[in-house]
Amino acid sequence: MASSPVPRTSPSGLSRPEIGDVVVDWYATAARDLPWRRPGVDAWAVLVSEVMLQQTPVARVEPVWRAWLERWPTPADLAEATPAEVIRAWGKLGYPRRALRLREAAVAVVERHGGVVPAEVAALEALPGVGTYTARAVACFGYGQAHPVVDTNVRRVVARVLHGRAEAGTARAADLDDVLALTPTDPDRAVRFSVAAMELGALVCVAGTPRCGVCPVRDLCAWRLAGSPPDDGPPRRVQKFAGTDRQVRGRLLDVLRAAHHPVEAAGLDAVWDDAVQRSRCLDSLLTDGLVEQTADGLFTLPGS
DNA sequence: GAATCGTGGGA
DNA sequence: TTCCCAAGATT
């Protein structure tokens with residue numbers, strides 16, 4: 001591990017790196033051929049992919065990722081772009097604040113690291129929009145370092161295989177230790193395990209109905225061995241969308257993305273009937289730096 | 001710890 | 001049709 005020594009045990013006292021070895025071998029035969037996994041993809045391209053993939057399906061990311069890197073092949077290139085340009089290039093991936101933060105991260109990489117994406121987890125975590133997961137993903141997938149990389153897929157795999165629970169609870173710091181308990185001891189295999197565990201969660205140990213029949217660790221899985229008990233935790237709240245500020249913000253931004261000239265406030269009235277909510281959302285977009293008001297009171301994407 | 005922040009495909 | 005949810009980060 002490149003990180004500080006951590007006991008290879010979970011809070012439940014289990015230490016089962018042999019499970020990790022099985023998952024690594026399965027990955028060699030079952031992995032998807034995703035563009036950001038190909039040889040020669042640098043840490044910048046990996047960082048872009050990781051930010052785009054936050055809460056966003058692979059299929060939606062692929063074309064945007066390709067176009068993005070063709071246009072801004074290095075952090076220095078993106079650092080010179082305007083917010084309006086990156087918001088438009090982000091398209092409809094969702095959560096457009098990610099686009100602004102990615103640009104801010106590019107600026108930080110230029111200013112703090114000479115234009116080279118840093119390889120240290122701490123330096124990566126200090127970049128805008130880069131948290132616990134993304135920092136380790138870049139260090140691991142972009143630089144080949146062994147780190148526990150814990151996303152929602154991995155937390156679900158750990159919950160089932162290691163803890164015998166149907167669903168993962170809220171993310172916690174101890175998740176990193178749980179993953180270490182499953183990680184192969186060989187450094188090279190540890191690196192491959194990080195991507196392999198994510199892939200297992202994405203393809204086999206999925207939310208909803210897991211495909212245990214084709215799972216490489218079905219006979220080692222604590223949840224399966226316990227008889228696949230149903231989730232006993234509190235039902236997790238489904239996030240609403242219809243009628244929320246998120247929907248309204250999305251519609252407002254959609255108009256401004258399409259308009260290549262500043263728009264009057266009245267030009268935004270059609271997107272939502274509730275004027276109070278509409279106004280609140282426009283204000284929040286201004287606060288977030290996703291929208292800018294011109295000197296004559298019109299609205300537009302920032303820096304356009 | 002809980003709430004917030006987009007979007008659209010699939011069960 | 002409705003509901004679930006997809007490689008999180010930030011506050």
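Order of the sequence lines fixes the chain letters, A, B, ..., with proteins taken first and strands second; residue numbering starts at 1 for each chain.
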Quiz prompt | Atom-pair distance (OH on Tyr133(A); C1' on dA6(C)), nearest Å | solution = 12 Å

Quiz prompt | Gly250(A) or Arg172(A), whichever maps to the more 5' nucleotide of DNA chain B | solution = Arg172(A)

Quiz item: To the side chain of Met198(A), which of dG8(B), dA2(B), dA7(C) is closest?
Solution: dA7(C)

Quiz item: Does any N or O in the side chain of Arg136(A) come within less than 3.5 Å of the main-chain N or O of Val150(A), such that one atom is a donor and the other an acceptor?
Solution: no

Quiz prompt | Rounded distance in Å between the P positions of dA7(C) and dA11(B) | solution = 15 Å

Practice problem: Let me know the distance between CG of Asp288(A) and C1' of dC5(B), rounded to the nearest Å. | Solution: 8 Å

Quiz item: Quick one: which of dG8(B), dA7(C), dA2(B) gets closest to the side chain of Arg60(A)?
Solution: dG8(B)

Exercise. Could you check whether Arg37(A) gets within reach of a base, just the sugar-phosphate, or nothing at all, counting any heavy atom under 4.0 Å?
Key: base

Quiz item: Does Thr244(A) put a side-chain nitrogen or oxygen below 4.0 Å from OP1 or OP2 of dC5(B)?
Solution: no

Quiz prompt | For atom CG of Asp283(A) and atom C1' of dC5(B), their distance in whole Å | solution = 17 Å

Quiz item: If you look at every strand shown and take non-hydrogen atoms under 4.0 Å, does Trp36(A) touch a base, only sugar-phosphate, or nothing?
Solution: base

Quiz item: What is the distance from CZ of Arg155(A) to P of dC5(C), rounded to the nearest Å?
Solution: 13 Å

Practice problem: Choose from dG6(B), dA6(C), dC5(B) the nucleotide whose nearest atom is closest to any side-chain atom of Phe241(A). | Solution: dG6(B)

Exercise. Mind checking Thr152(A) for me? I need base, sugar-phosphate or nothing, with any heavy atom below 4.0 Å counting as a touch.
Key: sugar-phosphate

Exercise. Determine the contact category for Val154(A): base if any of its heavy atoms lies under 4.0 Å from a base atom, sugar-phosphate if only primed atoms, P, OP1 or OP2 are that close, otherwise nothing.
Key: nothing

Self-check item: Contact nearer the 5' end of DNA chain C, comparing Ala202(A) with Gly129(A)
Solution: Ala202(A)

Self-check item: Minimum-distance nucleotide (side-chain atoms of Arg246(A) versus dA7(C), dA6(C), dC5(B))
Solution: dC5(B)

Quiz prompt | Among dC5(B), dA6(C), dG8(C), the nucleotide that comes nearest once only the side chain of Gln54(A) is considered | solution = dG8(C)

Quiz item: Would one find a side-chain N or O of Arg257(A) under 4.0 angstrom from OP1 or OP2 of dT7(B)?
Solution: yes

Practice problem: Quick one: do Ser304(A) and Arg88(A) satisfy side chain to side chain donor-acceptor pair (under 3.5 Å)? Show the steps, please. | Solution: CA-CA 11 Å; Ser304(A) 60; Arg88(A) 287 205 174 88; 5.1 Å; no

Quiz item: Hey, does Leu34(A) reach any base, or is it just sugar-phosphate, or nothing, if we go heavy atoms under 4.0 Å?
Solution: base

Self-check item: Distance-only donor-acceptor test (3.5 Å): side chain Arg101(A), base dT10(C)
Solution: no

Quiz item: Under 3.5 Å, side chain of Glu199(A) to main-chain N/O of Arg32(A), donor-acceptor pair present?
Solution: yes

Quiz prompt | Closest listed nucleotide, where the reference is the side chain of Arg156(A) and the choices are dG8(C), dC5(B), dA6(C) | solution = dA6(C)

Exercise. Could you please name the option among dA7(C), dA6(C), dC5(B) that lies closest to any side-chain atom of Arg32(A)?
Key: dA7(C)

Self-check item: Distance-only polar pair, side chains of Arg103(A) and Thr82(A), donor-acceptor under 3.5 Å
Solution: no

Quiz prompt | Euclidean distance, atom CE of residue Met52(A) to atom P of dA7(C) [Å, nearest integer] | solution = 17 Å

Quiz item: So what does Leu93(A) touch, heavy atoms closer than 4.0 Å: a base, only the sugar-phosphate, or nothing?
Solution: base

Self-check item: Residue met sooner reading DNA chain C from 5', once Glu125(A) and Ser49(A) are mapped to nucleotides
Solution: Ser49(A)

Quiz item: So, Glu50(A) versus Tyr133(A): side-chain donor-acceptor pair below 3.5 Å or not?
Solution: yes

Quiz item: Are Arg165(A) and Asp231(A) close enough for a salt bridge, meaning some N to O gap below 4.0 Å?
Solution: no

Practice problem: For dG1(B) versus dG8(C), give the span between their C1' atoms, rounded off to a whole number of Å. | Solution: 16 Å

Quiz item: Once you round it to whole Å, what is the distance between P of dT7(B) and NZ of Lys92(A)?
Solution: 5 Å

Quiz item: Is the ring centre of Trp44(A) less than 6.0 Å from the ring centre of Trp72(A)?
Solution: no

Quiz item: For the base of dG6(B), is there a side-chain donor-acceptor partner from Thr56(A) under 3.5 Å away?
Solution: yes

Quiz item: So what does Gly131(A) hit on the nucleic acid, given a heavy-atom distance under 4.0 Å: a base, only sugar-phosphate, or nothing?
Solution: sugar-phosphate

Quiz item: Arg97(A) CZ to dT11(C) P: how many Å, rounded?
Solution: 9 Å

Exercise. Could you work out the separation of dG6(B) and dT11(C) based on their P atoms and round it to a whole Å?
Key: 14 Å

Quiz item: So what does Ala207(A) touch, heavy atoms closer than 4.0 Å: a base, only the sugar-phosphate, or nothing?
Solution: sugar-phosphate

Practice problem: Could you tell me the separation between the CD atom of Gln55(A) and the P atom of dA3(B), rounded to a whole number of Å? | Solution: 16 Å

